[in-house]
Amino acid sequence: MIAVLFFGPVVERGGSAELKMAFSLGMTLQNLRDELAARYPYAFEIVCFTAVNGQHVRDLSMPLADSSEVTFMAKFSGG
Amino acid sequence: MIAVLFFGPVVERGGSAELKMAFSLGMTLQNLRDELAARYPYAFEIVCFTAVNGQHVRDLSMPLADSSEVTFMAKFSGG
Amino acid sequence: MKDVVRIQSDDFSQDEEIAALKASSKRMGGIATFIGCARDFSEGRAVSEISFDAYGRMAVSEMQQLRLDAIARFNLLDARIVHRICTVSAGDNIVFIAAGAEHRAAALDACRWMIDELKARVPIWKKEITSQGDSWVSPHP
Amino acid sequence: MKDVVRIQSDDFSQDEEIAALKASSKRMGGIATFIGCARDFSEGRAVSEISFDAYGRMAVSEMQQLRLDAIARFNLLDARIVHRICTVSAGDNIVFIAAGAEHRAAALDACRWMIDELKARVPIWKKEITSQGDSWVSPHP
């Protein structure tokens, strides 16, 4: 399973802070993103950062490992 | 009379923190400076700012009023 | 001694943070700090409160890395970052950044760089609560 | 409430100064501060203490004008300056500058400008006391 986390403005547009998604061998971050973006198009309009296990990832072709924690995030507004 | 004040590094080179100098009609800041610089050449080597009554003065041709407070100062090093 | 990088709900004390920063070296000649506060007005609307959401684990690790990057980049003697995650009212503190260096230029440069970087790379989001409703803040690009 | 610009022998509290600064407005989003401290080492020599001399009356009036200039130039909501005149040891505070503005850029710019201007125009002189003797500090041009 892949744990997907959403925060703040993305939760507001997607309705859920945490999801479990099925893991399949060879799946990439882009595959996961595409699947979620089709389900939550309004939320993904504002997604501009992606993290895997708490690290920024820019290359969405990255293969995912089972049990990864993946976060799709809106532009930050802390500080 | 003109009150002349020295501070910090200028006192160290001149020996006195406060002097009284005779006032004469029409005397300029430059006249006063010349007289003091002849008396305290070592102190005046490091003088680079002049104040009259607590205000920076850059134009030494300024005529002095009786009872003025004049300060010849080394480069500042506060902060 | 409190951690050099923290996320917390409580307010912080500048005196405590500066004392902790100074404890690292007697060679520190300049300390620059930045405090971000909640404003009562934003984009033309009165704001009564601000609340925050954060990806806490990642936010702390990004702030820790940011601190190390600033120390290396500006040759700092020490640096500290505190970000509150809670609901604050106008005038309340939100974030504290401190940079200590031998000389003032490095401390001032580092302080500005750290708050700019924090806003760009630390996963924290701000929601403004107004009498007309709440809205998540979208930073200008 | 303490004066916004002061010369004093005692140490200052950042918490007190920041609270006083913030009291002026709830529209303050950014506060930048600079603290200058005594270093234990300067120009290759160990420094045990630093003492100061000041043309007090002029120093205060220059600092007051400097504060007003900064407020006008950077559109600050408020600013404060405190300079200690006494003998300090390594690690002790010497000067405190704070600038509060609606947004961070103005606060950070103003803080840097104020400490640079203070050094250039306020009649205060620093003497370093070392085991090899005392010497007045000559700033580099």
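The chains referred to below are lettered A, B, ... by the order of the sequence lines, with proteins before strands, and numbering in each begins at 1. As the structure is a computational prediction, the values presented were derived from the model and not from experiment.
- Residues A:Phe76 and C:Lys119 are not in side-chain contact: their nearest non-hydrogen atoms beyond the backbone lie 4.5 Å or more apart.
- Among C:Gly36, C:Ala120, C:Ser135, C:Ser61, the residue making the largest number of heavy-atom pairs under 4.5 Å with chain A is C:Ala120.
- For C:Ala59, no part lies under 4.5 angstrom from a heavy atom of chain A.
- Residues C:Tyr55 and A:Met73 share a closest heavy-atom pair of CD2-SD, 4.1 Å.
- The residues A:Glu12 and C:Lys127 are annotated as not salt-bridged, no charged nitrogen and carboxylate oxygen being separated by less than 4.0 angstrom.
- C:His83 contributes no side-chain N or O that, together with a main-chain N or O of A:Gly78, makes up a donor-acceptor pair within less than 3.5 Å.
- Contact count versus chain A (heavy atoms, under 4.5 Å) is highest, among C:Ile85, C:Val122, C:Ile50, C:Val137, for C:Val122.
- Residue C:Arg84: no heavy atom, backbone or side chain, is found under 4.5 Å from chain A.
- With a 4.5 angstrom heavy-atom cutoff, C:Glu62 touches chain A only via side-chain atoms.
- Along residues 41-55 of chain A, the residues that come nearer than 4.5 angstrom to chain C, judged on non-hydrogen atoms, are A:Phe49, A:Ala51, A:Asn53, A:Gly54, A:Gln55 in order of number.
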